[in-house]
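Naming: A, B, ... by sequence-line order, numbering from 1 per chain. From a predicted model like this one, the values you see are computed outputs, not experimental measurements.
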There are 2 protein chains.
Amino acid sequence: MAGVSQSAVSRAFSPTASISARTRQKVLAAAASLGYRPNRIPAIMLSGRSYMVGVVIGGLQNPFYATALEQLATALRENGLQVMLMHVEDAVTLDSALDQLVSYRIDAVVTSLAIGSDTVVRALSQLGIPVVCFNSSRVGPWISTVNSNNHGAGLTAARLLAHNGIRYPVWLTGPVRNAASRARGEGFRQGLHDAGSPPAALSVLQGDDTYDSGYDAIARLKKRGVRPDGIFASNDMMACGAIDALRECMGLHCPRDVIILGYDNIPQAAWRSYDLTSFSQHTEHMVARTMELLDEALATQDTPLSRTYVVDAQLIERGSTGCAP
Amino acid sequence: MAGVSQSAVSRAFSPTASISARTRQKVLAAAASLGYRPNRIPAIMLSGRSYMVGVVIGGLQNPFYATALEQLATALRENGLQVMLMHVEDAVTLDSALDQLVSYRIDAVVTSLAIGSDTVVRALSQLGIPVVCFNSSRVGPWISTVNSNNHGAGLTAARLLAHNGIRYPVWLTGPVRNAASRARGEGFRQGLHDAGSPPAALSVLQGDDTYDSGYDAIARLKKRGVRPDGIFASNDMMACGAIDALRECMGLHCPRDVIILGYDNIPQAAWRSYDLTSFSQHTEHMVARTMELLDEALATQDTPLSRTYVVDAQLIERGSTGCAP
DNA sequence: TTGTATGCGTTATCAT
DNA sequence: ATGATAACGCATACAA
């Protein structure tokens with residue numbers, strides 16, 4: 001235990017250091033018997049890098065985000081980065097959450113948040129902290145984004161509906177602040193227009209990305225006296241709510257009376273009671289792109305990185321659009 | 001900017017420090033214009049406390065864990081603690097994950113993992129790091145647990161089945177390594193026995209806590225020629241799979257032909273297609289108990305804390321056991 | 001290869 | 001109320 005310098009200990013735990021095998025053995029043995037574990041905190045001060053990444057997320061009750069977080073956390077760990085998690089539901093806590101992250105000197109931020117006050121974005125930019133956004137339209141010198149091809153998926157959904165001769169299409173949209181949802185809606189309208197469907201035929205229902213809001217939206221539609229025959233929902237949770245409401249409130253069944261598409265391809269979309277056609281966002285690819293962006297941003301620490309990746313969403317056809325199971 | 005000492009800056013950002021309002025203003029103004037943010041990293045070295053808590057979790061695709069994580073993360077943040085997230089699926093990565101956490105000098109670990117190699121637990125104990133487990137039977141000097149009343153819920157489930165005159169009960173169990181699942185099964189058997197049901201009448205199906213495993217288990221049951229009339233599933237995901245398989249494979253409907261109970265009360269249990277009676281674990285209470293344990297463990301840093309809280313699970317009756325919606 | 005010395009950005013102690 | 005100084009545990013530049 002005695003007889004080794006402090007630097008010898010440091011070197012023993014550094015794979016690249018020049019140290020004799022004998023000394024390393026001695027140190028490692030002593031460490032094991034004393035229960036000594038190297039402390040990474042001082043290295044943060046010396047190097048200016050913490051190898052911690054702030055992950056700012058909300059809406060974990062949506063299985064899509066839960067799955068995405070799972071994959072992101074795994075990828076970050078495999079790249080030697082720690083996850084400092086911030087669950088945030090409103091702009092106020094977002095502000096303080098980012099304060100926390102900054103004070104811990106995180107190397108970067110990854111977020112899937114639709115919200116994000118501009119002051120916050122500006123603050124991060126000023127500090128030169130790289131930010132990677134999922135499905136956000138935010139732009140700025142230190143901000144990169146990884147988006148799924150929302151607009152293209154909207155086009156595809158419209159084409160599928162047109163191909164099935166839909167006359168009373170419905171767009172079940174998410175919150176207006178959700179840029180991804182807006183893009184899906186724009187693609188959908190565009191696609192309907194391209195297919196010659198009159199804009200007046202489209203019913204637009206406002207939801208908030210929850211099951212209940214999908215259910216309620218269809219209930220409202222019934223009161224309006226509209227009998228839909230094709231629905232595109234901005235996410236799967238709302239689509240599941242819509243399917244249940246169609247059956248319970250209107251006596252309509254999928255795909256016999258109405259076909260329906262969702263987005264995200266959450267596990268529940270494959271559950272037999274829903275059998276929901278959906279767009280898979282390929283979170284593995286999106287996470288891989290995120291890691292690329294992080295690697296690059298952290299390698300070139302001083303130069304702001306601002307790149308956008310668009311990952312194609314893949315249509316997963318199931319029974320809700322008439323596909324055999 | 002100039003004209004203030006290092007300590008003045010420190011005091012300006014410390015609410016309890018004795019400093020004149022004038023000096024504080026000056027420092028804060030300079031900090032704002034220079035973009036200076038206090039760094040919490042050195043304080044970790046000085047105080048020996050990082051205010052970071054390792055959260056080790058797996059199976060995030062189960063909405064129960066996603067919701068629990070959401071609530072835990074919120075509670076920790078409100079108590080001034082940071083979440084260092086570790087997503088872990090197997091014992092190997094668990095080992096290295098804990099190494100990481102220890103090297104960052106986390107103050108404590110919270111985990112909902114069923115796995116947990118004993119070497120790991122021993123390592124944490126040796127280091128004197130408090131651990132709080134969710135629904136785990138692990139014990140040790142630094143380990144506390146917050147459990148839902150799994151055994152009691154099993155009893156309740158059996159009583160409900162007996163009350164409905166069930167003759168062919170089924171226990172759809174989770175993985176054997178899952179202590180919570182085992183306790184639920186033991187309570188269930190006990191309850192059936194108390195109600196005078198012959199043990200031979202009970203069919204036991206092995207699942208792995210996923211929807212598919214619940215579905216497949218019922219499909220196997222059909223091959224065995226068993227026609228169940230009452231099912232208790234160790235979690236809601238398996239229960240949902242079972243409901244779908246009962247209908248698709250056996251033509252049985254809930255609650256007309258068979259009644260079914262799950263566990264966790266995930267959001268999907270309330271979805272109209274399942275309308276599943278379930279046990280709510282009251283994660284808010286469990287999280288609150290967890291925070292109490294953490295507060296106490298962190299206050300008395302040197303004395304090992306080892307306490308167990310049991311939080312009653314609440315039966316949420318829905319249509320799958322014949323309750324009107 | 002090994003040991004010594006310096007510094008990272010704070011907080012706490014002490015003196016003023 | 002304020003400033004100077006030591007200390008936290010490590011990595012690195014330098015000397016040996």
Return the value, rounded to whole Å, for the distance between atom [atom1] of [X] and atom [atom2] of [N].
X: N39(B); N: dG7(C); atom1: CG; atom2: P; answer: 19 Å
X: I41(B); N: dG9(D); atom1: CD1; atom2: P; answer: 15 Å
X: F13(A); N: dT12(D); atom1: CZ; atom2: C1'; answer: 18 Å
X: Q6(A); N: dT6(C); atom1: CD; atom2: C1'; answer: 12 Å
X: Y36(A); N: dG9(D); atom1: OH; atom2: C1'; answer: 7 Å
X: I44(B); N: dC8(C); atom1: CD1; atom2: P; answer: 18 Å
X: R49(A); N: dC10(D); atom1: CZ; atom2: C1'; answer: 18 Å
X: Y51(B); N: dT11(C); atom1: OH; atom2: P; answer: 12 Å

Which part of the nucleic acid does [X] contact within heavy-atom distance under 4.0 Å: base, sugar-phosphate only, or nothing?
X: I19(A); value: sugar-phosphate
X: S20(A); value: sugar-phosphate
X: R11(B); value: base
X: T23(A); value: sugar-phosphate

Side-chain donor/acceptor contact of S7(B) with base of dT10(C) under 3.5 Å: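 Such a pair does not exist between side chain and base.
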
message: Can a side-chain donor-acceptor contact be found between T23(A) and S20(A) if the only test is distance below 3.5 angstrom?
response: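 Per modelled atom types, S20(A) and T23(A) side chains form a pair under 3.5 Å.
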
- request: Establish, from distance only, whether the side-chain atoms of T67(B) and Q61(A) form a donor-acceptor pair under 3.5 Å.
  value: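 No, no side-chain donor-acceptor contact under 3.5 Å.
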
- prompt: Does S181(B) use its side chain to pair, donor to acceptor, with the backbone of G174(B) at less than 3.5 Å?
  reply: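 Judged by distance alone, yes, a pair lies under 3.5 Å.
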
task: Spell out, as yes or no, whether a donor-acceptor pair under 3.5 Å connects the side chain of T300(B) to the backbone of E296(B).
output: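 Yes: the side chain of T300(B) pairs with the backbone of E296(B).
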
- prompt: When you measure from the side chain of S18(A), which nucleotide among dT12(D), dG9(C), dT2(C) comes out closest?
  reply: dT2(C)

task: Report yes if a side-chain nitrogen or oxygen of S5(A) is closer than 4.0 Å to either non-bridging phosphate oxygen (OP1 or OP2) of dT4(C); otherwise report no.
output: no

statement: Walking DNA chain D from its 5' end, the first of R24(B) and L46(B) to be reached, judged by nearest nucleotide, is R24(B)

statement: Whichever of A21(A) and A43(B) has the more 5' nearest nucleotide on DNA chain C, that residue is A21(A)

task: Give a yes/no verdict on a cation-pi contact between R49(A) and Y51(A), requiring under 6.0 Å between NZ or CZ and the six-membered ring centre and an angle within 45° of the axis.
output: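 R49(A) over Y51(A) ring: yes.
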
